[in-house]
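Note: hydrogens, waters and symmetry copies are ignored here, and every other heavy atom, side chains too, is used. When a ligand or atom number is given, it counts from 1 through the structure's own listing order. Computed from a prediction, not measured in an experiment: that's the story for all the values here.
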Amino acid sequence: MLFLRHVLGSIFIVCCLTTLTNGATLANDEVEALKWIGKTLGKTGWNFDSDPCSQRHSWVDQSTRYYVNNVTCDCSFNNNTIYHVVRIVLKAQNLSGTLPLNLNNLPFLQEIDLTRNYLNGTIPPEWGSSTGLVSISLLGNRLTGQIPAELANLRNLTSLVLENNGLSGTLPAALGNLPNIERL
Ligand SMILES: *[C@@H]1O[C@H](CO)[C@@H](O)[C@H](O)[C@H]1NC(C)=O
Ligand SMILES: *[C@@H]1O[C@H](CO)[C@@H](O)[C@H](O)[C@H]1NC(C)=O
Ligand SMILES: *[C@@H]1O[C@H](CO)[C@@H](O)[C@H](O)[C@H]1NC(C)=O
Ligand SMILES: *[C@@H]1O[C@H](CO)[C@@H](O)[C@H](O)[C@H]1NC(C)=O
Ligand SMILES: *[C@@H]1O[C@H](CO)[C@@H](O)[C@H](O)[C@H]1NC(C)=O
């Protein structure tokens with residue numbers, strides 16, 4: 001499984017680097033979505049002068065023990081002419097905004113990891129519409145309110161990590177029906 005992920009990851013990178021030089025870029029509505037998401041989270045470093053899929057500095061930086069800054073795209077769509085954002089990982093960046101109200105304009109997003117920031121506010125029920133999500137981590141933030149039962153619509157979710165926040169209420173029973181969950 002890990003090996004497969006590694007291989008797939010390498011294929012993404014190679015194919016993305018190749019197609020970037022052929023002029024493929026991230027679709028405009030996804031660029032706009034990233035701008036809005038960045039603003040909502042309080043993420044200031046993203047440099048939109050380079051394509052978000054370019055793996056250039058500000059989109060992918062060297063990780064340290066806790067800090068991770070990595071936007072990953074898949075470019076295997078339409079004969080390698082279109083990119084889609086599949087992964088956003090922003091760990092330990094002191095982000096102090098709130099969660100974006102929805103992720104609708106990133107329809108291919110599989111993983112969002114905002115571990116160890118200062119994000120506050122609630123988890124929007126609308127995240128439950130992003131059915132492509134496989135992994136969500138909001139570990140170590142200042143989120144409050146209830147866990148939305150709508151997250152139980154994420155049939156492909158394998159990992160939902162919400163610990164170390166200020167969440168309250170009861171666990172929605174529907175989460176027990178997530179068919180692919182491995183880590184909760
Ligand atoms: C960014 O994420 C991709 C996809 O998971 C991974 O292959 C790559 O090693 C990561 N880069 C850094 C610097 O963390
Ligand atoms: C895909 O792209 C390659 C290289 O640009 C081209 O040779 C090929 O004809 C394309 N295939 C389709 C189905 O468009
Ligand atoms: C977060 O804030 C701490 C304390 O001010 C600082 O030491 C650290 O470098 C900041 N991290 C980032 C990624 O800006
Ligand atoms: C989130 O934090 C900001 C200040 O950082 C504060 O103004 C705001 O009221 C907080 N929101 C919630 C819902 O706690
Ligand atoms: C869920 O995963 C399956 C199997 O990997 C995939 O075929 C399907 O497209 C995924 N659903 C969404 C909404 O991405």
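Looking at Q62 next to ligand 1, no N or O pair under 3.5 Å apart turns up. Taking distance alone, with nitrogen or oxygen atoms compared against 3.5 Å, T144 stays at or beyond that limit from ligand 4. Residue N70 places at least one N or O, backbone or side chain, under 3.5 Å from an N or O of ligand 1.
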What short N/O contacts, under 3.5 Å, does ligand 5 make with the protein, listed by atom pair and distance?
residue, atom, partner, partner atom, Å
ligand 5, 2 (O), N156, OD1, 3.3
ligand 5, 2 (O), N156, ND2, 2.3
ligand 5, 11 (N), N156, ND2, 2.9

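Each of the atoms 2 (O), 3 (C), 4 (C) of ligand 1 lies under 4.0 Å from some heavy atom of T72. Atoms of ligand 1 lying under 4.0 Å from at least one heavy atom of S63, given by number and element, are 14 (O).
When heavy-atom distances to ligand 1 are checked against a 4.0 Å cut-off, D61 comes that close only through its backbone atoms N, CA, C and O.
For a disulfide, the SG atoms of both cysteines must be under 2.5 angstrom apart; this holds for C73 and C53.
A cation-pi arrangement is not found for K91 relative to Y66, the charged atom failing to lie both closer than 6.0 Å to the ring centre and inside a 45° cone about the ring normal.
Not counting sequence neighbours, W127 has no partner by the ring pair (Phe, Tyr, Trp, His ring centres under 6.0 Å) test.
Side-chain contact between I147 and L175 is present, with at least one heavy-atom pair separated by less than 4.5 Å.
Using modelled atom types, one side-chain atom of N180 and one backbone atom of R155 make a donor-acceptor pair closer than 3.5 Å. In this structure, N117 contributes its side chain and L119 its backbone to no donor-acceptor pair below 3.5 Å. Here the side chain of N69 pairs a donor or acceptor atom with the backbone of S58 at under 3.5 angstrom. The closest donor-acceptor contact from the side chain of D113 to the backbone of T115 lies under 3.5 Å.
For the side-chain contact (heavy atoms from CB on, under 4.5 Å) with L109, the lone residue among V85, V86, N104 that qualifies is V85.
Contact analysis leaves V68 out of contact with ligand 1, as no non-hydrogen atom separation drops below 4.0 angstrom.
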